[in-house]
Amino acid sequence: KQEVTQIPAALSVPEGENLVLNCSFTDSAIYNLQWFRQDPGKGLTSLLLIQSSQREQTSGRLNASLDKSSGRSTLYIAASQPGDSATYLCAVYSSNTGKLIFGQGTTLQVKP
Amino acid sequence: EPEVTQTPSHQVTQMGQEVILRCVPISNHLYFYWYRQILGQKVEFLVSFYNNEISEKSEIFDDQFSVERPDGSNFTLKIRSTKLEDSAMYFCASSHPGQGGTGELFFGEGSRLTVL
């Protein structure tokens, strides 16, 4: 059964810091991995999608990496801003189950 | 930019009542999904739908739940007789198949269901 874990559960950093959010998954049989952003009480905004054959994807100040064999992904946020404060969710599309499985998220607070 | 839209944004209902949550997926997408998030918990899969039939469903998706694509644009989730534990945010998502398996899932803003 695919399990997705995100560490840390919460993170508070001063504005301008670079930071890394971690995601691990137990079954390497995946089609892809997606990182989402969720603001309080809101929907899920897709940030980056990494296909299983890819190693990383970049969008602006965000860079996501994927190491399928070790079951790990990281989301790197450069030069963090207060507007980055949100919960970041990692999700893997498991090829054995045909569904997107979510981690519990990392809640990020960037202080001005 | 195309988006997934959901209605209502919030619904309050009495236990035992029927509820229908509505979604308009992105127009050229072929796969449709419902997920839910109970307050403070993980986002969890309910059901996926392709080619006018359910392709996967979770153990949560019991006989109280049903999905339908009544026309070319809407995708609905019906809960026949709501229970207190059905209180959650329900998210609709859609995707285009993409290359090599699955495409990116795009989620709506969610419908918050409160069962009293």
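Every chain is numbered from 1, with letters handed out A, B, ... down the list of sequences.
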Notebook entry, point to check: Is it the case that one hydrophobic cluster holds both Leu62(A) and Leu19(A), taking links as side-chain heavy atoms less than 4.5 Å apart, direct or via other members?
Noted result: yes
Check: Out of curiosity, does Trp34(B) fall in the hydrophobic cluster containing Ile54(B) (side-chain heavy atoms, cut-off under 4.5 Å, transitive links)?
Finding: yes
Margin query: Show the nearest heavy-atom pair for residues Glu104(B) and Ser46(A), with the distance to one decimal.
Written below: OE2-OG, 2.5 Å
Margin query: Do Leu11(A) and Val110(A) sit in one hydrophobic cluster, given that two such residues count as connected whenever their side-chain heavy atoms are within less than 4.5 Å of each other, even indirectly?
Written below: yes
Checklist line | Donor-acceptor contact present, side-chain Gln34(A) to main-chain Leu105(B), <3.5 Å | finding: yes
Note to self: Could you tell me if Gln41(B) and Gln104(A) have a donor-acceptor pair between their side chains, going purely by distance under 3.5 Å?
What the structure shows: no
Next item on the list: Pick whichever of Phe107(B), Phe45(B), Phe91(B) has the most heavy-atom pairs under 4.5 Å with chain A.
Entry: Phe107(B)
Next item on the list: For residues Tyr35(B) and Leu44(A), determine if any side-chain heavy atom of one lies less than 4.5 Å from a side-chain heavy atom of the other.
Entry: no
Item checked: Contact class of Ile101(A) relative to chain B, heavy atoms under 4.5 angstrom -> neither
Item checked: Path from Val13(A) to Leu21(A) over hydrophobic side-chain contacts below 4.5 Å -> yes
Next item on the list: Answer yes or no: is there a side-chain heavy-atom contact under 4.5 Å between Thr45(A) and Phe106(B)?
Entry: no
Check: Does Phe65(B) belong to the same Ile/Leu/Val/Met/Phe/Trp/Tyr cluster as Val67(B), with side-chain heavy atoms less than 4.5 Å apart forming each link?
Finding: yes
Note to self: For the NZ atom on Lys42(B), are there more than 12 heavy atoms of other groups (residues, nucleotides or ligands in this structure) within a distance under 6.0 Å?
What the structure shows: yes
